[in-house]
J.: 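The structure's right below; bear with me while I get my questions together.
What you see is a predicted model; the values in this text were computed from it and never measured.
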Amino acid sequence: MLIRPYQENDETAVIALWEKSGLTRPWNDPQKDIVRKLKVQADWFVVAEQDQQIVASVMAGYDGHRGWINYLAVDPLLQGQGVGRRIMHYVEQQLLEFGCPKINLQIRKSNEEAISFYRKIGYSEDEVLSFGKRLIPD
Ligand SMILES: CC(C)(COP(=O)(O)OP(=O)(O)OC[C@H]1O[C@@H](n2cnc3c(N)ncnc32)[C@H](O)[C@@H]1OP(=O)(O)O)[C@@H](O)C(=O)NCCC(=O)NCCS
């Protein structure tokens, strides 16, 4: 399995991966999210490729204080085989090399599978409320 930065011709496969992994939501436009990410730390949007197929993705970023993780997805056919752990390790190393001291991420409360996964790979719940304010309606 090859973990590498996203390339522009990966768009269709990546959006299909997000759809089959249950990550897309009506209020998030995946194409716009990709275009925005390609303008900011584009190399930290990474995919895993196996047999020329995109099988996993994750978007990482560092704002100078915290690292952030979004759009982690593993192809449902390959879940439970260590792919999520490997692609997370890859971006964690990228963030660490940049001096990032802590990673934050948000999980929908209903996503018990992801909560279990993140606990297994060393993440724990912070005693915070997560607030957001949308600036651009998609
Ligand atoms: C969450 C997700 C990325 C995990 O990827 P994965 O490749 O299946 O996970 P891994 O095989 O690397 O698992 C790593 C560890 O987490 C555990 N784990 C993974 N999924 C789990 C689940 N549903 N329930 C309990 N534990 C789980 C594994 O057992 C493994 O632990 P171990 O090393 O002790 O055996 C994947 O299930 C996914 O894409 N889900 C849909 C999209 C999503 O919810 N993304 C996260 C948004 S916040």
Side-chain angles (χ1 to χ4, degrees):
M1 198 178 68
L2 172 70
I3 298 178
R4 58 160 175 83
Y6 170 94
Q7 295 164 358
E8 296 218 357
N9 59 1
D10 294 328
E11 186 189 274
T12 305
V14 166
I15 293 175
L17 169 71
W18 291 351
E19 281 168 354
K20 61 186 165 186
S21 316
L23 282 187
T24 49
R25 288 293 181 276
W27 54 89
N28 291 329
D29 180 325
Q31 279 168 318
K32 287 182 182 169
D33 283 349
I34 290 173
V35 169
R36 291 174 185 131
K37 181 59 188 167
L38 296 180
K39 290 184 184 162
V40 184
Q41 297 169 335
D43 284 355
W44 293 2
F45 178 17
V46 301
V47 298
E49 184 184 319
Q50 184 169 279
D51 302 329
Q52 276 110 47
Q53 304 287 327
I54 301 295
V55 296
S57 75
V58 64
M59 272 185 191
Y62 179 44
D63 60 20
H65 180 59
R66 295 290 181 249
W68 287 90
I69 295 294
N70 282 290
Y71 277 118
L72 172 68
V74 173
D75 188 315
L77 293 173
L78 291 177
Q79 288 177 9
Q81 296 178 36
V83 177
R85 185 191 284 278
R86 283 175 66 184
I87 199 166
M88 282 296 292
H89 179 72
Y90 183 94
V91 290
E92 285 169 5
Q93 290 307 305
Q94 282 184 315
L95 287 162
L96 186 58
E97 280 166 27
F98 236 75
C100 169
K102 179 173 184 274
I103 296 173
N104 286 343
L105 54 87
Q106 295 175 314
I107 314 172
R108 294 187 183 102
K109 281 185 181 170
S110 58
N111 195 346
E112 290 172 14
E113 294 84 4
I115 292 169
S116 300
F117 164 77
Y118 283 119
R119 286 195 201 284
K120 272 282 174 71
I121 67 162
Y123 289 73
S124 53
E125 188 175 355
D126 288 333
E127 289 299 314
V128 296
L129 277 180
S130 175
F131 275 42
K133 178 180 181 180
R134 186 170 270 282
L135 300 178
I136 303 173
D138 280 357

J.: With heavy-atom distances below 4.5 Å as the criterion, would you say the side chains of Arg119 and Glu125 are in contact?
T.: yes
J.: Closest approach of Leu17 and Val55, non-hydrogen atoms and distance?
T.: CD1-O, 3.9 Å
J.: Do the non-hydrogen side-chain atoms of Tyr6 and Ile34 ever get within less than 4.5 Å of each other?
T.: yes
J.: Give a yes or no on whether Trp44 and Ile103 share a hydrophobic cluster (residues Ile, Leu, Val, Met, Phe, Trp, Tyr; joining criterion: side-chain heavy atoms under 4.5 Å apart).
T.: yes
J.: Do Arg4 and Asp10 meet the salt-bridge criterion of a basic N to acidic O distance under 4.0 Å?
T.: yes
J.: Nearest heavy-atom pair of Ala48 and Ile87: which atoms, and what distance?
T.: N-CD1, 3.8 Å
J.: Starting at NZ of Lys20, measure out to CG of Leu77 and round the result to the nearest 0.5 Å.
T.: 6.5 Å
J.: With a 4.5 Å heavy-atom cut-off, do Asn70 and Leu105 have their side chains touching?
T.: no
J.: Search all heavy atoms of Arg66 against all heavy atoms of Cys100 and return the closest pair with its distance.
T.: C-SG, 4.1 Å
J.: Check Ser21 against Pro76 and note the closest heavy-atom contact, atom names and distance.
T.: OG-CD, 4.3 Å
J.: Quick check: does any side chain N or O of Asp51 sit under 3.5 Å from a backbone N or O of Gln53, one acting as donor and the other as acceptor?
T.: no
J.: Could you verify whether a donor N or O on one side chain and an acceptor N or O on the other, from Asn111 and Lys109, lie under 3.5 Å apart?
T.: no
J.: Do Val58 and Trp18 share a hydrophobic cluster (ILVMFWY, side-chain heavy atoms under 4.5 Å, transitive)?
T.: no
J.: Verify the cluster assignment for Ile15 and Val46: are they in a single hydrophobic cluster under the rule of side-chain heavy atoms below 4.5 Å apart?
T.: no
J.: Please enumerate all residues that pass side-chain hydrogen bond (donor to acceptor under 3.5 Å, both in side chains) together with Asp63, with sequence neighbours excluded.
T.: Trp68
J.: Got a list of side-chain donor-acceptor pairs under 3.5 Å for residues 90-98, not counting sequence neighbours?
T.:
from	atom 1	to	atom 2	distance (Å)
Glu92	OE2	Tyr123	OH	2.7

J.: Taking the side chain as every heavy atom from C-beta outward, state whether Val83 and Met1 have any atom pair closer than 4.5 Å.
T.: yes
J.: Would you check if Arg25 and Arg108 make a side-chain contact, meaning some heavy-atom pair closer than 4.5 Å?
T.: yes
J.: Check whether any side-chain heavy atom of Ile115 lies under 4.5 Å from a side-chain heavy atom of Lys120, and answer yes or no.
T.: no
J.: Test Val40 against Phe45 for side-chain contact (heavy atoms from CB on, under 4.5 Å), laying out the working first.
T.: CA-CA 10 Å; Val40 184; Phe45 178 17; over 6 Å; no
J.: How long is the straight-line distance from CD of Glu19 back to OG1 of Thr24, given to the nearest 0.5 Å?
T.: 5.0 Å
J.: Residues in side-chain contact (heavy atoms from CB on, under 4.5 Å) with Asp29, at least two apart?
T.: Gln31, Lys32, Asp138
J.: Quick check on the hydrophobic clustering: are Ile54 and Val74 connected, directly or via other members, by side-chain heavy-atom contacts under 4.5 Å?
T.: no
J.: Looking at every non-hydrogen atom in both residues, tell me the closest pair between Met59 and Asp33 and how far apart they are.
T.: CE-O, 3.8 Å
J.: Near Lys39 NZ, under 6.0 Å, is it more than 12 heavy atoms from other residues, nucleotides or ligands?
T.: no
J.: Checking the side chain of Arg134 only, and the main-chain atoms of Trp27 only, is there a donor and an acceptor separated by less than 3.5 Å?
T.: yes
J.: Check the surroundings of atom CG in Leu2: do more than 12 heavy atoms from other residues, nucleotides or ligands lie under 6.0 Å from it?
T.: yes
J.: With a 3.5 Å distance limit and no angle check, can you tell me whether Ser57 reaches the backbone of Tyr71 through a side-chain donor-acceptor pair?
T.: yes
J.: Hey, does Glu49 have a side-chain heavy atom less than 4.5 Å from the side chain of Ile3?
T.: no
J.: Do Gln106 and Ser130 pair up side chain to side chain, a donor and an acceptor below 3.5 Å, judged on atom types alone?
T.: yes
J.: Which heavy atom in Tyr62 sits nearest to a heavy atom in Gly99, and how many Å separate them?
T.: OH-O, 3.6 Å
J.: Please lay out, stage by stage, how Arg36 and Ile136 fare under the test side-chain contact (heavy atoms from CB on, under 4.5 Å).
T.: CA-CA 12 Å; Arg36 291 174 185 131; Ile136 303 173; 3.9 Å; yes
J.: So, taking the atom named CE in Met88 and the one named CD1 in Ile121, what distance separates them when rounded to the nearest 0.5 Å?
T.: 4.0 Å
J.: To the closest 0.5 Å, what do you measure between CG (Leu72) and CG (Leu23)?
T.: 7.5 Å
